[in-house]
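Chain A is the first sequence line, chain B the second, and so forth, proteins listed ahead of strands; every chain is numbered from 1. In this text, all values refer to a predicted model and were calculated from it rather than measured experimentally.
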Amino acid sequence: MSSHLTSKEIDYLASGLASVKEVKKAQEHLDSCARCRMIVDTLSRVVAAQVSDAVPGDHVRDAVLSEWHRLYNESVEKRIAIKPRIKRFMAGIAVAASVVIAVSAYLFFSIPESGMSYPLSITSAAGEIYSGNSPVSAGTPIAAGSVIKTGEDSAATVSSDNYNLYIGRSSVLEVSGNSVKSGIRFRLGKGSVVSKSSGSLHYSFECGGFKITPAGTEFLLDFSGDKLDIAVTEGKILITGPGVHISIAAEYKWSSGIPGKIELLDGETASLIKSVVSGSWPDEKNTADEVVKKSDPGIEENGKAEDDKTVSKKESLTEEKDKTNDKKEKPEKLKLRREIRDEINAIKKERRKERKSRNKD
Amino acid sequence: MISLTEIDKAYSDYSKEIFSYILRSVYDHDAAEDILQDVFIKLINYSVKSGVNSNNIRALLYSIARSVCIDFARKTSRVKIESADISLIPDCNISKRDDDPSDGLMDAMNSLIDNLGEPEKSIILFKKNGLKYPEIAQIMKISERTLKRKVKSVIGYMRKKLKDEGFLVPDDTGSDDESFN
């Protein structure tokens, strides 16, 4: 190598980035060239390791170690503090879980026992009512197996939570079963009942070999002379029996005399049901009750003959029914209502005028 | 958390070189001691949160020291330090080799190093503290290739400056084209 080392060669050598081969090649020149050797040595000191005499004081070491002790104690305290918190949390969860289990177990075992039967009570709507052979007073609780009898001039209401069963005149009703699981089972021996439910109470009827399971709310059962008549005003009921499996919707009626036929509900029966549900069994309604039996007017309870008055009323009612149809009645009723409304409005207007004139005076 | 034995050993092994680096960064002995204390406390706190590998403590200490020094420089940047002459610092006497060309040359070199910006200054100081290129690359979080390029550029800068100031003989014969690279 004749000339001096280049700047790049010097930089590589000084920074220690040159390879062994390059260093060996350059060393030949450096051995003979004092100038280049001086430059490389000077620049090498820039990145050469140099031992410093500067030493930190001992207080720094003490401070560092004391800080370590402080932080260590803090972390230990934190660990100690966290443990009881976790324990308390776990204990709380355990208590909550046990409470939930206990409550659910109580509900699971106690509710079916306490709610074995629905509370049933009877009140008299008219006359005397008998449970078995003894007369009952208002609010008397009715147990399963009780047989409720009403006389010719008496009516009763059996009620429970959101449920009312109106028993008509000369009726025999047995509460054959009462349990929360299977519901209340009524057996209508004879007479008529109107059932009205507005809750989730489960109940069913047995009458004349038929089973009536309601899926609705309001209907009438009439059982006289081995003939069952059912009229539904609200909801739906299911009738099952020998060769019969039929559901009756609202505004329809059914008779066991013609089990395959469902007829439209007539206005009288509907109004009878409504009047029974809203109040009691008045005498007039009682006669209207007999409208249901129109399909077989000759049937009499226990062979007793009806008096001439009831027969004449029956005839007149049946005649009226023949004359007026439901569809025809509706517009007439509407007309009547409008007329009455107009009259009332006219009267009100007159009164207002009178008041105004009085106020002016 | 780092054990007492580990922190004690780390202090014994690395406190001197870390202190040297800090001192050359801040030029204040008391401040350097405070920073060194902070560095080790930060190491303990870091070990509480993340855990520390004993093989990595040196690089971690340098990394913390660098960031603390930069923070300190920012805080004290309003009060500008006029002199960068490290030889004036009493406890920072670098042991000199017998074949030192002159005190003037060393002072000029140190002055040039102190006037370097970041990260070049830190790189040179780390090299002076005896760290290898892989260790410095790890601390600086850059690749070794980048690190070496930076070192070469610093050497080139120093060479030019020293030539300009007349400490080195002008390179009148050498040419860049003849480089072995």
Let me know if Asp8(B) has heavy atoms under 4.5 Å from chain A in its side chain, its backbone, both or neither.
-> both
Take atom NE2 in His245(A); do more than 12 heavy atoms of anything else shown fall under 6.0 Å from it?
-> no
CD1 (Ile10(A)) and CZ (Arg159(B)) are apart, to the nearest 0.5 Å, by 6.0 Å
With a 4.5 Å limit on heavy-atom distance, are the side chains of Ser47(B) and Trp68(A) in contact?
-> no
Any chance the side chains of His59(A) and Glu33(B) put a donor and an acceptor closer than 3.5 Å?
-> yes
State, to 0.1 Å, how close Gly57(A) and Tyr11(B) come at their nearest heavy-atom pair, and which atoms those are.
-> O-OH, 3.9 Å
Is atom CG of Asn73(A) surrounded by more than 12 heavy atoms (other residues, nucleotides or ligands) closer than 6.0 Å?
-> yes
Report the distance from atom CZ of Arg61(A) to atom CG of Leu36(B), rounding to the nearest 0.5 Å.
-> 11.0 Å
Under 4.5 Å to a heavy atom of chain A? For Phe126(B) that would be neither
List the steps and the verdict of side-chain contact (heavy atoms from CB on, under 4.5 Å) for Val60(A) and Phe40(B).
-> CA-CA 9 Å; Val60(A) 178; Phe40(B) 276 90; 5.9 Å; no
Let me know if Leu4(B) has heavy atoms under 4.5 Å from chain A in its side chain, its backbone, both or neither.
-> both
Measure distances from Ile18(B) to the heavy atoms of chain A and classify the residue's part below 4.5 Å as side chain, backbone, both or neither.
-> neither
Within a radius of less than 6.0 Å around NZ of Lys121(B), do more than 12 heavy atoms belonging to other residues, nucleotides or ligands occur?
-> yes
Taking the side chain as C-beta and beyond, is there a heavy-atom pair between Val64(A) and Ile44(B) under 4.5 Å?
-> yes
Tell me, yes or no, whether the heavy-atom count around Tyr133(B) atom OH, taken from other residues, nucleotides or ligands under 6.0 Å, exceeds 12.
-> yes
